[in-house]
Amino acid sequence: MKRFYFLLIIISAQQLLAQQWQQNFKFVEPIRTESSSFGLSIATYGNYAAFGASAVDVGSTLNAGKVHIAKMTCEGWVFYQELTLTGTEDYCGFGSILTMDNTTLAVYGCDPLNPRGGNAIYIYERNINDLYVFTQKITKPENVLWDNFASRMAISGDFMIVGASYNSTDNSLNNVSTYAGAAYIYFKDTSGVWSLVQKITASDRGAGDNFGESVDIYGNTIIIGAENEGANRAGAAYVFEKDANLNTWSEVTKLVAYDFRGLQDRFGGIVKVDKDIIAITARRDDDYDSALSGDGGGPLTSLGSVYIFKKNTSGIWQGIQKIRASNGSLNHLSFGDRLDLYDDIIAVRGIEYEYDINGNLSASYGNIYMFQKGLNGNFNEYQIIEQDIKHNSDAFGREIVLNGENFFIGAYWHDFDINEQNFLNDSGAIYLFNTYDFDNLKKPTINSIPILTACEDLGNGFSSSFSMSNIENSLVDDVENYVFYYKDEQGSDLPSPLPDFYTNSSPYSQRIYVRVENKYNSNCYEETEIELQTIQSFELNTIPDLYACDTTGNGFSVFNLSELNLDLVDDVSLYDFLYLDSNGNDISDFINESYENSTRNQEVITAVVTKKNTFCTKETTIVLNAVSGGVDCETEIIDLKIPKFFTPNGDGVNDVWKITEEFNQNYNVYIFDRYGKLLKRLNSVGSWDGNFNGYPLPSADYWYRIVFQDNTYKLGHFSLKR
């Protein structure tokens, strides 16, 4: 089944293995024309792409050139803008070279105001409406004829490197050496204006080297190719690095083929850098069965190769590997004709030749060899990319651009439309390969989730216990296909994934805004909210230290803990209780039985109380003291007569709370409220009238602790009724 979106077609295919590239789209110009060079140049960043058609006529201007802007939507890629040059001239070639980074697009074109073979760079910036707006024209720094200015260029951040491989002066604009080559470094200031900061040349420049034939930049590293450098034109490449805290750059090393510098190997024809890896083509390299090639074959002219260099921990670039096509032969040559490097993936174009029975060349095709870095640091070939329908001499792969999950391949001599029909000579095409089947892309279906609640364990409406460990699985069913982004109510980014236990930043309630994107296409997304609410906590009554008689003198006593639940909360039916000994063992079963302390003399046990309807939890500790007394504490204490209530209303009946009956030990009585606040201290003949600091206390339950001479004690509670 075929589906059409504007000027694209989606090719259905079976699910491929991981990292296998498959053809999803084929693009042609909205209005196809003969020999337009559509697909000769491609630039892409994220979900945006620019396609050059540098030989198309614009109005009455022949071969003026234009640039098509496309972007990926959830339904597919669409063309939505065309860029052309006003006031141009015939054969301007606008769009024949493109480079893009972030929101900046740089376009090569002629300079109608410079009749001396002038080229210029036209800068466009993408605005908030996704439109590319012209902002600046960068002209040749030197008024010289045909220096090939801007025939190669690359951008990384605020720096742009521009090659001029036919330039003949050094970096001080002197010392002419014909076609030695040069490159120019531009810097974009905070106002968005690009300015020339430096002209660079090779430290050992020589006539005809063509320094600047290829350029690339990544961060603080620039690589410049000079494919005709050397007495035998073997070629070289030069690495420049940015000086610390300055906008100037210095040459740090010269790279050459580390096995054999063959005649006209074209080493440096294309250079690429990404992170700590540099890849350099030598498309005319002959096969001399070098140790690094490891292909085991004999001599083969122009087989082609790519040299890989890595920056070591000392900052030195070292050759680590030489790669070639797995099927290199008389039928598969010029490996390195095109090259791109992105992250741990290298793409290399080679040319496949077919011959008739008489040995005459009958057809040629572009093949793209895909390499991925393995765990040992070596790049291994894992796929050869071809068109789904191969076409003879359509220049498939003359432009290749890797960017994340998108791999664009140009074929500017292609003759057919997106349906492989309607022949139109050299009208051009661009193919998009991905590591996924675009048919499977979809917007996420967001599940409805209830308000998330958590107990305000931090107080004042804040909680540190909102559980987020499973939130993404709750939001969508197939979580592995999506990427999640979170913002708070002020629009500030939150971490993704959210922490397992999240603390709200607004008291009592908070909304977290969520964007769920398809991991292959950020335009396929849905947005939702997560609502958080804190639940009011509760308080536990304070339990005074507990004492029990150590009748054996070994530091252990038997404690009666049967009333602990009643002492901790008012209504035990609303709560669940868990008790842990000092080693973290569950001793809940012993609460209604006799419990002996597990550590000598004193043990601290932990009570964990959970409210059943809110799941809010509180913890407290209770100190158990085993006291040597030599008496039977329980029997002696029970003889006391302790009132269960008193009514201080002035009627002369039960107006005070007082312990009666004589006892053979002196003792003190401590009276507490439900929060553990000490209200009154009595001796053995004292009484309490229900006041505190001269003010009557309300009707409620109050707690007492009776401490005897031998340090034994008794706990209990009584009611004050008014």
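Along the sequence shown, residues are numbered consecutively beginning with 1.
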Qualifying residues under disulfide (SG to SG under 2.5 Å), relative to Cys616, sequence neighbours excluded = none
Trp657 and Phe718 aromatic ring geometry - parallel, tilted or perpendicular at 30°/60° bounds | parallel
Between Glu241 and Asn220, does any side-chain donor sit less than 3.5 Å from a side-chain acceptor?
-> no
Which residues satisfy the ring-ring contact (aromatic ring centres under 6.0 Å, His included) test with Phe538, sequence neighbours excluded?
-> Tyr575
Between Pro495 and Tyr486, what is the shortest heavy-atom contact and its length?
-> O-CD1, 3.5 Å
Could you please spell out the steps behind the side-chain contact (heavy atoms from CB on, under 4.5 Å) verdict for Leu568 and Asn541?
-> CA-CA 5 Å; Leu568 285 168; Asn541 300 323; 5.5 Å; no
Side chains of Asn102 and Thr104: is there a donor and an acceptor less than 3.5 Å apart?
-> no
Can you tell me if Glu405 and Thr435 form a side-chain donor-acceptor pair at under 3.5 Å?
-> yes
Under 3.5 Å: donor-acceptor pair, side chain of Asp340, backbone of Leu402 | yes
Backbone N or O of Asp488 within a donor-acceptor pair of the Ser492 side chain at under 3.5 Å?
-> no
Pair Asn406-Asn434, side-chain donor/acceptor within less than 3.5 Å = yes
Got a donor-acceptor contact below 3.5 angstrom from the Asp581 side chain to the Asn583 backbone?
-> yes
Could you tell me whether the side chains of Asn504 and Thr534 share a donor-acceptor contact shorter than 3.5 Å?
-> no
Hey, does the side chain of Ser464 reach the backbone of Thr503 with a donor-acceptor pair shorter than 3.5 angstrom?
-> no
Is there a donor-acceptor contact under 3.5 Å linking the side chains of Ser505 and Gln510?
-> yes
Any salt bridge between Asp457 and Lys618, counting N to O under 4.0 Å?
-> no
Just checking, Arg515 and Tyr525: is the charged tip under 6.0 Å from the six-membered ring centre and within 45° of the axis?
-> yes
If the plane angle is over 60° it's perpendicular, under 30° parallel, otherwise tilted; pick one for Trp21 and Phe407.
-> perpendicular
In plain terms, say whether Asp101 and Lys188 are close enough for a salt bridge, that is, a side-chain N and a carboxylate O under 4.0 Å apart.
-> no
Go through the structure and list residues passing ring-ring contact (aromatic ring centres under 6.0 Å, His included) with Trp688, not counting sequence neighbours.
-> Phe646, Tyr702
Would you say the side-chain atoms of Asn613 pair up with the backbone N or O of Leu574, donor to acceptor, closer than 3.5 Å?
-> no
